[in-house]
Amino acid sequence: MDADRTALLNAALQRAVTNPGGPTVITNDVSELGFCDSNGINVLLRAQLTAITHSRTLRLRGPNSQLLKPLNRTGPLTLFRFAPSPHWGRASSHISEQCSSPVDRARVGHEGRTLPSDR
C-alpha cells in the first residue's frame with residue numbers, strides 16, 4: 001500500500017469504524033498486501049484507535065511479515081485483533097515469528113464486514 005492508496009483506505013476505514021449503527025466488528029483483509037509503508041501503517045493505527053474510541057473492533061485478516069514486522073518493531077501490534085483467513089496457519093506462524101510479546105487473538109469470529117485491501 002503506497003501513499004496513493006492510503007487516502008482511499010483511510011476514508012473507508014474511518015467511515016466503517018465511525019458509522020452509527022454499523023457493525024461492531026470490522027475486518028480488513030490484508031492477505032494480498034504486498035507492500036505497506038509508514039503511511040499505510042499510520043492509516044491502520046489511526047483506524048484502530050478510532051475504532052476503540054467508538055467501541056468497535058478492527059481486525060486484520062491474513063497479515064504477512066511485510067505488515068507484521070513494522071507493527072511489531074514500532075509497538076502497536078498488540079493493539080490489533082486478527083481474523084481467521086483461508087491461510088490462517090501461515091498467518092499464525094508469521095504472527096508467532098514476528099512477535100516478541102503474546103498477541104491476543106481473541107474475538108476471532110465470523111461477525112463484521114470485510115473491507116477490500118490494496119491489491
Side-chain angles (χ1 to χ4, degrees):
M1 177 180 1
D2 57 20
D4 294 337
R5 295 287 184 153
T6 56
L8 295 171
L9 180 61
N10 185 55
L13 287 175
Q14 291 298 320
R15 196 170 39 252
V17 299
T18 61
N19 182 15
T24 58
V25 178
I26 297 94
T27 303
N28 185 18
D29 186 346
V30 294
S31 62
E32 294 186 29
L33 185 65
F35 171 77
C36 187
D37 65 8
S38 61
N39 293 317
I41 290 175
N42 285 332
V43 165
L44 294 173
L45 184 55
R46 271 194 307 272
Q48 179 65 357
L49 295 174
T50 303
I52 291 168
T53 63
H54 284 84
S55 300
R56 306 277 173 84
T57 300
L58 176 63
R59 301 184 310 175
L60 301 178
R61 174 174 286 135
N64 62 28
S65 62
Q66 292 287 340
L67 183 57
L68 292 172
K69 282 181 182 179
L71 285 175
N72 185 48
R73 191 173 35 243
T74 58
L77 182 64
T78 57
L79 293 175
F80 289 93
R81 302 286 188 244
F82 298 93
S85 73
H87 307 292
W88 182 246
R90 185 180 71 201
S92 180
S93 68
H94 281 308
I95 292 168
S96 298
E97 291 167 11
Q98 303 305 321
C99 298
S100 57
S101 61
V103 176
D104 179 5
R105 285 183 253 154
R107 300 183 195 172
V108 177
H110 299 288
E111 73 277 70
R113 181 170 39 151
T114 301
L115 297 173
S117 66
D118 177 50
R119 296 181 197 257

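Atoms CG and CZ, on N28 and R59 in that order, are 11.0 Å from each other to the nearest 0.5 Å. Interatomic distance, NZ of K69 versus CG of N64, reported as 10.0 Å (0.5 Å rounding). With rounding to the nearest 0.5 Å, the separation of OG1 in T18 from CD1 in I26 is 9.0 Å. In this structure, CG on N72 lies 8.5 Å from OG1 on T78, to the nearest 0.5 angstrom. Atom OG1 in T6 sits 7.5 Å away from atom CG in N10 (nearest 0.5 Å).
Checking side-chain atoms of R5 against main-chain N and O of G40 turns up no donor-acceptor pair under 3.5 Å. Proximity of a side-chain donor or acceptor of R61 to a complementary backbone N or O of F82 within less than 3.5 Å is not detected.
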| task | Report the C-alpha separation of L9 and L44 in whole Å, then their side-chain angles, then the decisive distance to 0.1 Å, and conclude whether the side-chain contact (heavy atoms from CB on, under 4.5 Å) test is met. | result | CA-CA 9 Å; L9 180 61; L44 294 173; 4.3 Å; yes
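For S65 against P70, the heavy-atom pair with the smallest separation is O-CD, 4.1 Å. Here the shortest heavy-atom pairing between I41 and L71 reads CG2-CD2, 3.8 Å.
Residues passing the side chain to side chain contact (heavy atoms under 4.5 Å, CB included) test with L79 are L45, Q48, L49, P76, sequence neighbours excluded. Every residue meeting the side chain to side chain contact (heavy atoms under 4.5 Å, CB included) condition with N42, not counting sequence neighbours, appears here in chain and number order: R46. Taking Q14 as the reference, T50 meet the side-chain hydrogen bond (donor to acceptor under 3.5 Å, both in side chains) condition, with sequence neighbours excluded.
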